Structure formats: structure tokens, C-alpha cells
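Right, one structure below, let's go through it.
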Amino acid sequence: MKIKCIIIDDEALAISVIENHLKNFDHVEIVETFNNPLKAYRVLEQEKIDLIFLDINMPQMTGFAFIENLSYKPLIVITTAYREYAVKSFELNILDYLVKPIPFNRFLKTINKVYQQVYVSNKSADVSLQQEPHIFLKVNKKLIKINLNDILYIESLKDYIKVITTLGDYVVHKSLTAITEELPQSNFIRIHRSYTISINKVIALEGNTVEISNRKIPIGRNYVKQTKERIFNINNNNENNN
């Protein structure tokens with residue numbers, strides 16, 4: 001099932017940029033684009049929209065007024081040339097805030113956030129939405145789909161990271177902090193300044209190290225308490241569910 005979105009912006013060029021970015025993601029379908037936000041309400045009444053890319057400064061109605069008049073609230077990503085509206089936007093529980101011109105690498109981070117909301121956090125009974133949660137990583141100018149369940153751990157390599165999975169390793173130009181923020185906190189945790197792990201993949205804990213797939217990974221001194229609490233808590237929950 002595809003994620004259905006609409007784009008609302010009074011500038012044709014801004015709409016075109018988002019359309020071109022979205023061509024890289026098969027799971028996102030653009031239902032319609034609008035240069036007048038008032039006309040978008042019609043589609044929202046007729047069809048279930050999952051995601052809105054929304055400008056703020058528009059002559060007919062501001063993006064804030066548009067949000068306040070929604071009968072239901074899809075995921076909303078603000079797209080604007082102005083940084084000063086960020087605080088007010090997040091007070092309205094938007095998913096992300098993109099400043100124009102929108103570079104693709106920043107847009108990719110937003111799409112990964114969308115995937116986390118739809119495929120991981122969504123508690124809908126629609127099983128098709130919850131199967132194979134994933135993120136996209138840019139590897140050698142190519143977008144690679146990585147299923148979250150395949151990730152074992154992630155290692156920092158200065159300006160790059162190495163994502164170690166059950167299917168292979170991928171080197172990505174991204175910081176460990178950035179990738180950790182994109183992953184669901186329910187199963188991924190940073191345990192060292194150089195490592196983030198999948199808690200479900202831990203097979204042993206010895207001293208201040210965890211073992212994942214025959215690899216011993218150190219736990220940083222500042223991460224020991226939180227790491228052990230999370231690992232033991234998940235293991236206890238798994239035992240209680242069996």
C-alpha cells in the first residue's frame with residue numbers, strides 16, 4: 001500500500017522540486033498538487049491522505065490556518081523559505097520542517113521519518129502497512145532500501161557510517177547521530193560514541209560489551225546504565241510474552 005500525499009504551495013517551482021524528489025520513492029504517491037490551499041480541502045474530504053507537504057506563506061490562506069481547519073490531520077511536513085516559523089510549526093505537531101531550497105539529502109531524512117511513522121508507529125489494523133519497516137540510505141549515489149529487521153549495528157567512521165546488516169555492509173555519508181535519530185527508539189540504541197545497535201540482535205552481554213553476530217561491541221562509559229536497562233527490559237518483556 002502506497003503512502004498518499006498532496007503538495008500545497010503557491011510557487012510552481014517549489015512544487016516541482018518536491019515532485020522531482022518524490023520520484024525516487026516508489027512507496028509515495030502524489031495524489032494532487034495545489035497552488036491554492038482552499039482547493040485542497042476537497043481532496044481531503046473525498047480521499048484518505050497520509051501526508052501533506054505544506055507551504056506557510058500563501059495569499060489565500062496561511063499554512064497554519066490550513067492546519068487549524070483540518071477535519072483530520074495527516075502527517076504534515078512544512079516547506080518554507082523562512083526559518084522563524086519552526087517553533088510555531090512544531091507546536092502544531094508537524095512531522096518535519098524543511099527550509100527552501102530543499103536539498104535531496106535533507107528531504108531523504110524527512111521521507112525516512114515518514115516511513116517510521118507509517119510502517120512502525122502506525123497501530124492500524126492494516127497489516128500491509130506494518131510489514132517490513134525500512135529506511136532508505138544513499139550508497140554511491142544510489143538509494144538502497146534497508147529493512148530495519150536486517151540491521152545488526154551501525155559503526156561511526158568519522159564523516160561516514162558503516163551499516164552492518166544480515167545481508168551485507170553499507171558505507172554511507174552520514175553521521176551516527178543523524179542515523180540514530182531516524183531509527184525507531186523502540187529497538188535501536190546508541191551504546192557508544194561510535195556504535196548504535198539493534199537491541200533485538202544482542203545475543204550476549206559480558207562486562208561492558210555486547211555480542212552481536214559473533215562481534216563484541218564496547219559499551220561506552222556514559223552509556224552503560226541506559227544500555228543494560230534497555231537490554232534487560234526487552235529480554236524480560238520477551239520472556240513475559242512467551
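Every value quoted in this text rests on a predicted model; they were computed, and no experiment measured them.
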Kindly work out whether a path of hydrophobic side-chain contacts (I/L/V/M/F/W/Y, heavy atoms less than 4.5 Å apart) joins Leu157 to Val139. no
Looking at CD1 of Ile217 and CD1 of Ile154, how far apart are the two atoms once the value is rounded to the nearest 0.5 Å? 10.5 Å
I need the single residue from Thr180, Thr227, Thr177 that forms a side-chain hydrogen bond (donor to acceptor under 3.5 Å, both in side chains) with Arg190. Which is it? Thr177
Please examine the side chains of Lys142 and Lys138, heavy atoms only from C-beta on, and report whether any two atoms are closer than 4.5 Å. no
Quick check: do Ile203 and Ser213 have side-chain heavy atoms less than 4.5 Å from each other? no
Checking Arg193 against Tyr223: is there a side-chain donor and acceptor pair closer than 3.5 Å? no
Is Lys162 close enough and on-axis enough to Tyr170, meaning under 6.0 Å and within 45°, for cation-pi? no
Decide whether Leu75 and Ile7 are clustered together by the hydrophobic rule: side chain heavy atoms of Ile, Leu, Val, Met, Phe, Trp, Tyr closer than 4.5 Å, transitively. yes
Out of curiosity, Glu32 CD to Gln46 CD, how far, rounded to the nearest 0.5 Å? 9.0 Å
Minimum side-chain heavy-atom gap Leu205-Glu211 below 4.5 Å: no
Go through the steps to decide whether Glu182 and Gln116 satisfy the test side chain to side chain contact (heavy atoms under 4.5 Å, CB included), and finish with yes or no. CA-CA 8 Å; Glu182 293 176 29; Gln116 298 314 309; 5.8 Å; no
Do the side chains of Asp96 and Ile78 get nearer than 4.5 Å, heavy atoms only? no
Taking the side chain as C-beta and beyond, is there a heavy-atom pair between Asp159 and His173 under 4.5 Å? yes
Should we say atom CG of Asn149 is surrounded by more than 12 heavy atoms from elsewhere, each under 6.0 Å from it? no
Do Tyr153 and Arg215 come close enough that some side-chain heavy atom pair is under 4.5 Å? yes
I need the Asn208 CG to Lys228 NZ distance, nearest 0.5 Å. 4.5 Å
Under 4.5 Å between any side-chain heavy atoms of Thr196 and Ile191, yes or no? no
Taking Val31 as the starting point, is it possible to reach Tyr72 by hopping between hydrophobic residues whose side chains are less than 4.5 Å apart? yes
Quick check: are there more than 12 heavy atoms from other residues, nucleotides or ligands sitting under 6.0 Å from OH of Tyr82? no
What do you reckon, is CD of Glu206 surrounded by more than 12 foreign heavy atoms closer than 6.0 Å? no
List the steps and the verdict of side chain to side chain contact (heavy atoms under 4.5 Å, CB included) for Val77 and Ile94. CA-CA 6 Å; Val77 175; Ile94 67 157; over 6 Å; no
May I ask you to decide if the ring planes of His27 and Tyr115 are parallel, tilted or perpendicular, using 30° and 60° as cut-offs? perpendicular
Between Lys2 and Asp50, does at least one N-O distance fall below 4.0 Å, as a salt bridge requires? no
Could you pull out the closest heavy-atom pair between Leu176 and His192, with the gap in Å? CD2-O, 4.2 Å
More than 12 heavy atoms from other groups under 6.0 Å of CD on Gln185: no
Salt bridge Lys100-Asp9, side-chain N to carboxylate O under 4.0 Å: yes
No-hydrogen, no-angle side-chain donor-acceptor test under 3.5 Å, Asn187 and Asn200: yes
Heavy-atom closest pair (Tyr97 atom, Glu84 atom, distance to 0.1 Å) is OH-N, 4.2 Å
Calculate, to the nearest 0.5 Å, the distance between atoms CD1 and OG belonging to Ile199 and Ser186 respectively. 8.0 Å
Shortest non-hydrogen contact from Gly63 to Leu54? O-CD2, 3.5 Å
If you round to the nearest 0.5 Å, how far is CD1 of Ile197 from CD1 of Ile151? 12.5 Å
Name of the residue among Asp55, Ile52, Ile15, Ile76 meeting side-chain contact (heavy atoms from CB on, under 4.5 Å) with Ile8: Ile52
Evaluate the ring planes of Phe64 and Tyr85, with Trp represented by its six-membered ring, and classify them as parallel (under 30°), tilted (30 to 60°) or perpendicular (over 60°). perpendicular
Note: Ser156 and Ile161 closest approach over all heavy atoms is CA-CG2, 4.3 Å
Would Phe107 end up clustered with Val17 when hydrophobic side chains under 4.5 Å apart are linked, directly or stepwise? no
Of the non-hydrogen atoms in Ser175 and Ala178, which two are nearest, and what is the gap between them? OG-N, 3.0 Å
Less than 4.0 angstrom from a charged side-chain N to a carboxylate O is my criterion; do Lys113 and Glu181 meet it? no
Set out, in order, the CA-CA distance, both residues' side-chain angles and the distance that settles side chain to side chain contact (heavy atoms under 4.5 Å, CB included) for Val210 and Lys216, then state yes or no. CA-CA 6 Å; Val210 296; Lys216 290 188 176 182; over 6 Å; no
How about Phe66 and Leu38: do any of their side-chain heavy atoms sit closer than 4.5 Å? no
Please step through side-chain hydrogen bond (donor to acceptor under 3.5 Å, both in side chains) for the pair Lys23 and Asn20, ending with a clear verdict. CA-CA 5 Å; Lys23 288 177 182 178; Asn20 287 332; 3.3 Å; yes
Please determine whether side chain to side chain contact (heavy atoms under 4.5 Å, CB included) holds for the pair Leu98 and Ile18, giving the CA-CA distance in whole Å, both sets of side-chain angles, and the decisive distance to 0.1 Å. CA-CA 11 Å; Leu98 297 177; Ile18 297 174; over 6 Å; no
Under a 4.5 Å side-chain heavy-atom rule over Ile, Leu, Val, Met, Phe, Trp and Tyr, are Phe136 and Tyr160 clustered together? no
Is there a donor-acceptor contact under 3.5 Å linking the side chains of Asn36 and Lys39? no
Got more than 12 heavy atoms from elsewhere within 6.0 Å of CG, Asp169? yes
Hey, could you give me the CZ/CD1 distance between Phe25 and Ile30, rounded to the nearest 0.5 Å? 11.5 Å
Of all heavy-atom pairs between Cys5 and Phe53, which one has the smallest distance, and what is that distance? SG-CE1, 4.2 Å
